[in-house]
There are 2 protein chains.
Amino acid sequence: MSNAFVEKLRGYVSLTEEDTRLLTAACAMQRDVPARYDLIREGDKPVSVFVMLEGWACRYKLLPEGGRQITAFLMPGDFCDMHVAVLDEMDHSIATLTPARVATIDRAKMEKLIETRPAITRAFWRTQLVDEGVLRAWIVCMGRRSSVQRVAHLLCELYVRARSMGVVDAGRCELPISQIVLADALGLTPVHVNRVLRQLRLCGTMAKSARMLVIVDIVQMAAIAGFDENYLHQRLKRAA
Amino acid sequence: MSNAFVEKLRGYVSLTEEDTRLLTAACAMQRDVPARYDLIREGDKPVSVFVMLEGWACRYKLLPEGGRQITAFLMPGDFCDMHVAVLDEMDHSIATLTPARVATIDRAKMEKLIETRPAITRAFWRTQLVDEGVLRAWIVCMGRRSSVQRVAHLLCELYVRARSMGVVDAGRCELPISQIVLADALGLTPVHVNRVLRQLRLCGTMAKSARMLVIVDIVQMAAIAGFDENYLHQRLKRAA
DNA sequence: CGCGTTTTTGAAGCCCCTCAAGTGTAGTGG
DNA sequence: CCACTACACTTGAGGGGCTTCAAAAACGCG
């Protein structure tokens with residue numbers, strides 16, 4: 001009786017049955033939260049780790065001027081925070097984008113897993129490194145790519161991540177993300193994201209409705225975006 | 001007989017004498033490299049970890065269109081890669097910005113340290129998490145801040161990091177970074193960086209010469225940048 | 001001193017933003 | 001079943017921030 005989180009980690013390293021059992025047990029504390037719910041806010045002292053089991057969430061930071069910048073999307077199986085062990089207070093917030101089911105693992109349990117189960121520790125470390133690669137890819141996108149490339153690149157990333165979770169069907173995948181949220185992630189305005197999406201739709205690469213993304217031509221899409229899936233590393237291995 | 005790397009880790013966690021000795025010994029393989037030298041290139045298979053002992057370096061990625069995006073600056077004490085343990089090939093390159101002295105720790109030695117010395121492992125993990133915080137801050141900067149704020153923010157970050165290493169003297173610190181490099185890091189053009197620097201100089205917040213940065217008014221600087229040093233976490237503790 | 005690189009300054013243009021209004025589309029309650 | 005409301009999406013017009021192109025001045029280093 002495993003879950004998206006355990007499955008993802010098993011994609012990174014091979015876990016013994018005992019490891020799997022301990023991980024699943026660690027996710028025993030589960031709860032359902034509505035959409036747009038802050039799991040933790042900037043300034044809070046982190047006391048436990050979150051794991052996304054169902055639904056989507058994002059890391060974000062609010063700016064004094066009022067804007068919002070999203071720095072990561074969290075899908076089922078993703079860790080919310082290793083920060084527990086390190087930070088006195090959160091330097092960003094995490095909020096759900098859809099109704100979600102999350103597990104919380106308290107600090108003590110986390111420490112114990114890390115101290116006693118080397119394979120699990122290694123898996124945690126890997127997720128960390130892959131996430132870092134994604135952050136770097138975002139920086140490259142925001143620094144050096146046009147708005148069309150940026151939108152296409154983000155959609156490619158989300159599509160590939162969804163695919164590696166096996167929730168893609170013939171180029172179609174659920175993507176419950178509004179244009180406003182896309183804009184907050186891309187450093188663009190919702191108005192401009194709208195225009196870019198139309199452009200991509202008109203040239204026949206993809207279509208995006210309220211909660212669905214349809215990739216018509218993934219090759220063209222990747223070409224436009226300058227997308228090189230290599231940076232997602234292990235995530236992809238599972239799709240093959 | 002310790003070094004910048006060991007000193008930095010000791011700022012994160014308390015290490016026993018044995019830990020310190022092992023870390024210092026791990027850095028025994030040292031070499032000097034000139035400026036603009038690629039320590040490792042995108043596509044290479046990483047075989048060892050680099051540690052900056054003296055000089056500056058940066059992570060960067062070249063784009064098909066010819067541009068370059070820098071994703072991180074590496075100063076003495078910084079790790080170049082934990083990727084050894086995880087990645088089949090590098091998804092970015094690392095190059096020196098100045099003549100530098102680097103230590104290389106091979107994979108086996110690294111694994112052994114991690115397996116046998118929990119305090120060292122913990123310190124590695126922390127550096128990782130702090131670096132991730134810096135990446136997130138960069139994304140926020142590039143997504144939602146004006147060019148003036150971005151330049152000011154980066155200079156604040158570099159200044160504070162330099163300060164925590166103790167190489168700042170009365171608001172002056174060595175910053176051997178050309179405007180071209182700044183532009184590559186900020187996602188701006190060198191021309192515009194130049195104009196922004198003039199603006200900051202004229203309003204009396206800072207002055208930047210070829211290899212020196214003088215912060216005249218750090219408070220005003222931080223105010224312009226929207227700089228909140230909290231995201232650098234442990235790094236700052238050492239400055240106090 | 002001489003050469004390459006960096007810095008500086010100017011002029012023109014484009015990409016994306018801002019402001020504004022109108023059009024769906026869900027969900028709610030009468 | 002149809003207002004009514006609250007959002008999200010869409011489209012237009014105009015402006016500003018940063019880029020592009022170009023060239024001169026200043027710097028650093030053999």
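Numbers restart at 1 for each chain; the letters A, B, ... are given by sequence-line order, proteins then strands.
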Under the rule of Watson-Crick or G-U wobble with both distances under 3.5 Å, where | means paired to another strand and [ ] a crossing pair, DNA chain D maps to ||||||||||||||||||||||||||||||
So, using side-chain hydrogen bond (donor to acceptor under 3.5 Å, both in side chains) as the criterion, who are the partners of A:Arg144 when residues are at least two apart? none
Say you draw a straight line from CD1 of B:Ile177 to CG of B:Asp184; how long is it, rounded to the nearest 0.5 Å? 11.0 Å
Results of side-chain hydrogen bond (donor to acceptor under 3.5 Å, both in side chains) for A:Asp44 - residues two or more places apart only: none
Salt bridge between A:Asp91 and A:Arg59, side-chain N to carboxylate O under 4.0 Å? no
Please tabulate, for the side chains in residues 209-221 of chain B, all donor-acceptor contacts under 3.5 angstrom to protein atoms that are two or more places apart in sequence or on a different chain.
residue  : atom : partner  : partner atom : Å
B:Asp217 : OD1  : B:Val219 : N            : 3.2
B:Asp217 : OD1  : B:Gln220 : N            : 3.0

Taking only distance into account, with no hydrogens and no angle test, what donor-acceptor pairs under 3.5 Å do side-chain atoms of residues 186-194 of chain B form with protein atoms, sequence neighbours excluded?
residue  : atom : partner  : partner atom : Å
B:Thr189 : OG1  : B:His192 : N            : 3.3
B:His192 : NE2  : B:Ser147 : OG           : 3.1
B:Asn194 : ND2  : B:Gln179 : OE1          : 3.0

To the closest 0.5 Å, what do you measure between OH (B:Tyr231) and CH2 (B:Trp138)? 9.0 Å
Using a 3.5 Å distance criterion without hydrogens, assess whether the side chain of A:Thr71 forms a donor-acceptor pair with backbone atoms of B:Arg136. no
Just to verify, what does B:Lys61 make a side-chain hydrogen bond (donor to acceptor under 3.5 Å, both in side chains) with, not counting sequence neighbours? B:Glu42
Could you run down nucleotides 8-20 of chain C 5' to 3' and tag each one B, S or - for protein heavy-atom contact under 4.0 Å? BBBB----BSBB-
Going by side-chain contact (heavy atoms from CB on, under 4.5 Å), name the residues that satisfy it together with B:Ala100, two or more places apart in sequence or in a different chain. B:Val33, B:Met52, B:Thr96
So which protein N/O to nucleotides 2-4 of chain C N/O distances come out below 3.5 Å?
none

Between protein and nucleotides 27-30 of chain D, what N or O pairs are separated by less than 3.5 Å?
none

Any residue meeting side-chain hydrogen bond (donor to acceptor under 3.5 Å, both in side chains) with B:Gln30, in chain and number order, not counting sequence neighbours: B:Arg101
Sequence neighbours excluded, which residues qualify as side-chain contact (heavy atoms from CB on, under 4.5 Å) partners of A:Arg36? none
